[in-house]
Amino acid sequence: MAEQSQQGGFAWGKVILLGEHAVVYGHKAIAGAIERGVHCSASPSSSARLLVTAWDIDVQVGDEHPVANALRAILEASEAAPALLEAQSDLPAGAGLGSSAALCVAIARALRPDLQGPGLEALANRGEVFFHENPSGIDVALSSGGGMGVYRKATGLTPIDCPKLPLVVGLSGVPRSTAAMVAGVGQRLRDKPALETHLQAIANQVELGQEALLAGELEPLGALMDQNHASLRELGVSIDALDQMVEAAREAGALGAKLTGAGGGGAMIALAPGRQDEVSEKLQSLGYESFVTNLGAPRTT
Ligand code: PMV
């Protein structure tokens, strides 16, 4: 295959800084792109095939597989010719770091390098629906655009301009389903309406967190992350592995730490200016995978 006939595209992963679960009930959340993601290249081919070596995926259009369905949907909507798509990823799959959105955006970019902004997002969302029944669109927006933003269901993502945040991401290694975690919180709220106070507490943490971010005050932001983890625990979405990593990160000098995403497994984040390596090593010494990154990866569109 001639080099020149290849085209490719990159897409970021994401983390939610503050506000998961409460965002489902109409409150704000703050999220940003991280400096890891998926790169996908496309080469002309008589049939459509997608390889993602890092995730052990090798599918063709027509296979019974959510990734094959996503590929078919994006390919059809793109009106591009069938292609061999080869993706590289340094983003763990299924950990709440936006891996499926990043894959869909990278495929969309590889097939249609002329698209950007809403057109690119719409194309990627054709695939994302096969991973999240009712995606809010936040993952795809951050994955394609980078940066950081405040997200609300009713109004979508509003970018915020602030310096990048030095983070450590720790992986529990425990698989989880966002849909099941969201349903679990819904059930607990119906069983015990007093839990609503924790949603309100999270909403307040997001408001104060946004102010701290805009003022560049990392210490109060870290304290709010700690409070946010406590509120999420009250909602029943943490697990021992996440609590242990959060505690260890604080001991190793993080300004704050919390689970990120749906919980029940997946990942945690720690805000650790000047202490990223120490925090990451501490998590690894406990047997968890971790990596150092920055929140608010550069905007790309
Ligand atoms: O899918 P995750 O792990 O990035 O987390 C989703 C965040 C929730 O607030 C729990 C659900 C949602 O749709 O916003």
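Read the numbers this way: they start at 1 and go in the same order the structure lists the ligands and their atoms.
Close approach of ligand 1 to E20 (heavy-atom distance below 4.0 Å) involves ligand atoms 9 (O). Counting the atoms of ligand 1 from 1 in the order shown, those under 4.0 Å from a heavy atom of V182 are 10 (C), 11 (C). Of all the atoms in ligand 1, the ones that sit under 4.0 Å from a non-hydrogen atom of I16 are 7 (C). Short contacts between ligand 1 and H21, defined as distances under 4.0 Å to a heavy atom of the residue, involve ligand atoms 8 (C), 9 (O), 10 (C). For ligand 1, the atoms lying closer than 4.0 Å to a non-hydrogen atom of V23 are 9 (O), 14 (O).
Any N or O atom pair closer than 3.5 Å counts here, and R176 shares at least one such pair with ligand 1. For A262, a nitrogen or oxygen atom sits less than 3.5 Å from a nitrogen or oxygen atom of ligand 1, counting backbone and side chain alike. Inclusion of T178 in the set of residues having an N or O under 3.5 Å from an N or O of ligand 1 is warranted.
Under 4.0 angstrom from ligand 1, the non-hydrogen atoms of K14 all belong to its side chain. When heavy-atom distances to ligand 1 are checked against a 4.0 Å cut-off, V24 comes that close only through its side chain, counted from C-beta outward. Of all the heavy atoms of L97, none lies under 4.0 Å from any atom of ligand 1, so neither backbone nor side chain is involved. Neither the backbone nor the side chain of T260 has a heavy atom within less than 4.0 Å of ligand 1.
R233 CZ: 12 or fewer foreign heavy atoms inside a 6.0 Å radius. Sparse packing is recorded around CG of D56, with 12 or fewer heavy atoms of other residues, nucleotides or ligands lying under 6.0 Å away. Enclosure of atom CD in Q187 by more than 12 non-hydrogen atoms of other residues, nucleotides or ligands within 6.0 angstrom is indicated.
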Residues 266-279 side chain polar contacts: donor-acceptor under 3.5 Å, at least two apart:
unit_1, atom_1, unit_2, atom_2, d
R275, NE, A252, O, 3.2
R275, NH2, A252, O, 3.1
Q276, NE2, L167, O, 3.0
Q276, NE2, T293, O, 3.0

Pairs of donor and acceptor atoms involving the side chains of residues 70-79, under 3.5 Å and at least two apart or interchain, shall be tabulated with distances.
unit_1, atom_1, unit_2, atom_2, d
S78, OG, I74, O, 3.4
S78, OG, L75, O, 2.7
S78, OG, A80, N, 3.0

- Query: Hey, mind stepping through R176 and I239 against side chain to side chain contact (heavy atoms under 4.5 Å, CB included) and telling me if it holds?
  - Reply: CA-CA 11 Å; R176 89 287 177 274; I239 59 169; over 6 Å; no
- Message: Go through it in stages, so that I can follow the logic: the residues are Q244 and D240, the test is side-chain hydrogen bond (donor to acceptor under 3.5 Å, both in side chains), and I'd like the CA-CA distance, side-chain angles, deciding distance and then a yes or no.
- Response: CA-CA 6 Å; Q244 188 190 21; D240 289 348; over 6 Å; no
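Side-chain polar atoms of S290 and Q284 form a donor-acceptor pair below 3.5 angstrom.
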